[in-house]
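One structure is given below, encoded as structure tokens.
Naming convention: chains lettered A, B, ... in sequence-line order (proteins, then strands); numbering from 1 in each chain.
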2 protein chains.
Amino acid sequence: MEETENDKRKCPAHMSGEQCTKALLPVKDALDVLSGKWKLQIILSLTFGKKRFKQIQREITGLTPKMLSKELKDLEINDLAIRKVYDTTPVIVEYELSPYGRTLKPLIGELHKWGTKHRKRIISR
Amino acid sequence: MEETENDKRKCPAHMSGEQCTKALLPVKDALDVLSGKWKLQIILSLTFGKKRFKQIQREITGLTPKMLSKELKDLEINDLAIRKVYDTTPVIVEYELSPYGRTLKPLIGELHKWGTKHRKRIISR
DNA sequence: TATACCGGTATACTTAGGGAAAGCGATTTG
DNA sequence: CAAATCGCTTTCCCTAAGTATACCGGTATA
């Protein structure tokens with residue numbers, strides 16, 4: 001069995017295997033931003049306006065403060081959400097989606113589109 | 001601090017909290033299909049043509065046969081990849097992306113687009 | 001006959017993600 | 001004064017995901 005010909009199709013002629021996997025890095029980045037059990041729900045929650053910590057937690061059943069805290073930090077680090085601390089007594093903390101965070105919308109839209117079709121396809125079998 | 005007004009913005013007027021989270025299900029489905037450490041690379045590998053088991057494994061450094069086997073089964077279950085067994089001696093098994101699997105391309109394209117911008121944004125700080 | 005390749009499986013292990021529960025300082029509410 | 005709310009953090013634990021390693025029957029190759 002000769003494979004020399006087959007192996008030529010590993011990658012397109014103009015890119016090496018390394019370049020191929022490099023092209024995947026941004027895809028993984030995007031996936032990372034949305035991955036995890038709660039991020040999507042939190043993002044969704046924030047698309048409807050500013051929210052306080054406990055308010056988000058109340059909305060999303062099962063979400064523990066530990067996870068919420070962690071995920072909000074992740075969103076902040078990625079510039080997707082903004083944390084605002086108001087100097088009141090007691091202190092008030094509000095989270096909101098950043099303008100940049102809103103650029104996720106079309107992406108999530110695409111995921112929703114494909115996912116809906118997929119759901120139908122898998123269920124109807 | 002009154003919150004009655006704030007709480008009204010939890011979800012858009014026309015949908016309940018439950019409907020909101022239901023809308024997320026297909027998004028999660030789409031994410032699931034691409035999640036895991038190896039799936040993207042395997043899909044990428046298959047976009048360049050039919051591949052045999054060992055051939056894929058050789059291409060993707062670090063990928064163990066156990067994981068490859070598992071991921072390929074996942075792809076098959078989701079109709080994204082096709083497994084073809086040729087009745088030769090020794091038997092030859094080839095994997096390829098299904099036409100349906102190729103419908104992932106625009107989605108991955110979007111992920112790539114957003115991810116590229118994000119990568120630049122995060123690195124330049 | 002020995003070695004290597006094929007397409008995987010089986011077993012044991014480590015790591016990462018997430019859940020449960022408690023607690024903290026500050027403050028308001030009864 | 002007691003209890004509750006806010007915005008968290010800490011600790012411990014469990015499970016799922018992934019790794020390492022060995023192995024299998026069959027075949028081809030030196």
Side-chain angles (χ1 to χ4, degrees), chain A residues 1-7 21 24 28 31-43 45-46 50-78 81-96, chain B residues 1-7 10 24 28 31-43 45-46 50-78 81-96:
Chain A
M1 173 68 50
E2 40 175 302
E3 283 184 15
T4 44
E5 281 310 313
N6 266 334
D7 281 342
T21 56
L24 278 183
K28 285 186 181 173
L31 244 25
D32 273 358
V33 158
L34 299 174
S35 77
K37 192 170 176 183
W38 304 106
K39 260 186 212 112
L40 268 175
Q41 286 180 80
I42 294 170
I43 290 171
S45 163
L46 292 182
K50 298 181 183 182
K51 297 280 171 68
R52 296 177 62 175
F53 190 91
K54 285 285 177 185
Q55 203 175 350
I56 301 171
Q57 204 195 327
R58 259 181 263 118
E59 275 179 36
I60 303 175
T61 55
L63 177 53
T64 63
K66 175 188 167 184
M67 290 311 292
L68 178 53
S69 171
K70 189 212 143 207
E71 301 290 33
L72 285 172
K73 275 173 193 162
D74 276 8
L75 292 177
E76 240 200 303
I77 285 172
N78 284 310
I82 300 171
R83 186 182 125 115
K84 280 188 182 159
V85 183
Y86 295 94
D87 195 11
T88 53
T89 54
V91 74
I92 289 177
V93 182
E94 277 188 346
Y95 295 90
E96 62 180 314
Chain B
M1 175 66 50
E2 38 177 302
E3 282 183 15
T4 44
E5 281 310 314
N6 266 334
D7 281 339
K10 284 203 314 190
L24 279 183
K28 285 185 180 172
L31 245 24
D32 273 357
V33 158
L34 300 175
S35 76
K37 192 169 174 183
W38 304 105
K39 262 189 208 106
L40 268 175
Q41 286 180 78
I42 294 171
I43 290 171
S45 164
L46 291 182
K50 299 181 184 182
K51 297 279 170 70
R52 298 177 63 174
F53 190 91
K54 287 284 178 187
Q55 203 175 350
I56 301 173
Q57 203 195 328
R58 258 182 264 118
E59 275 180 37
I60 303 175
T61 55
L63 177 53
T64 61
K66 178 186 169 186
M67 289 310 292
L68 178 54
S69 172
K70 189 214 142 206
E71 301 289 34
L72 284 171
K73 275 175 192 161
D74 276 8
L75 292 176
E76 241 199 303
I77 285 172
N78 285 310
I82 300 171
R83 187 182 124 116
K84 280 187 182 159
V85 182
Y86 296 93
D87 196 10
T88 52
T89 53
V91 72
I92 287 178
V93 183
E94 276 187 347
Y95 294 90
E96 61 179 314

In whole Å, I'd like the distance from the [atom1] atom of [X] to the [atom2] atom of [N].
| X | N | atom1 | atom2 | answer |
| --- | --- | --- | --- | --- |
| B:Met67 | D:dA16 | CE | P | 15 Å |
| A:Leu68 | C:dG18 | CG | C1' | 14 Å |
| A:Gln55 | D:dC8 | CD | C1' | 16 Å |
| B:Lys51 | C:dC6 | NZ | P | 15 Å |
| A:Ile92 | D:dT5 | CD1 | P | 16 Å |
| A:Gln57 | C:dA20 | CD | C1' | 13 Å |
| B:Trp38 | D:dG18 | CH2 | P | 9 Å |
| A:Ile42 | C:dG18 | CD1 | P | 10 Å |

With a 4.0 Å limit, can you tell me whether [X] has a side-chain N or O closer than that to the phosphate oxygens OP1/OP2 of [N]?
| X | N | value |
| --- | --- | --- |
| B:Ser69 | C:dT9 | yes |
| B:Arg58 | C:dC5 | no |
| A:Arg52 | D:dC6 | no |
| B:Tyr86 | C:dG7 | no |

Would you check if [X] and [Y] make a side-chain contact, meaning some heavy-atom pair closer than 4.5 Å?
| X | Y | value |
| --- | --- | --- |
| B:Leu31 | A:Leu40 | yes |
| A:Lys70 | A:Asp74 | yes |
| B:Leu24 | A:Gln41 | yes |
| A:Val33 | A:Lys39 | no |

### Query
Considering heavy-atom distances to DNA chain C, does B:Val93 or A:Lys70 have its closest nucleotide positioned more toward the 5' end?
B:Val93
So what does [X] touch, heavy atoms closer than 4.0 Å: a base, only the sugar-phosphate, or nothing?
| X | value |
| --- | --- |
| B:Pro90 | sugar-phosphate |
| A:Gly62 | nothing |
| B:Lys37 | sugar-phosphate |

### Query
Which one, C:dT9, D:dT27, D:dT9, comes nearest to the side chain of B:Lys73?
C:dT9
### Message
So if I take every side-chain heavy atom of B:Glu71 and compare against C:dT27, D:dG18, C:dG8, which nucleotide ends up nearest?
### Response
D:dG18
### Task
Indicate, yes or no, whether a donor-acceptor pair under 3.5 Å links the base of D:dT19 to the side chain of B:Lys66.
yes
### Query
Taking all atoms of both residues into account, what is the closest heavy-atom pair of B:Val91 and B:Tyr86, and its distance?
CG2-O, 3.2 Å
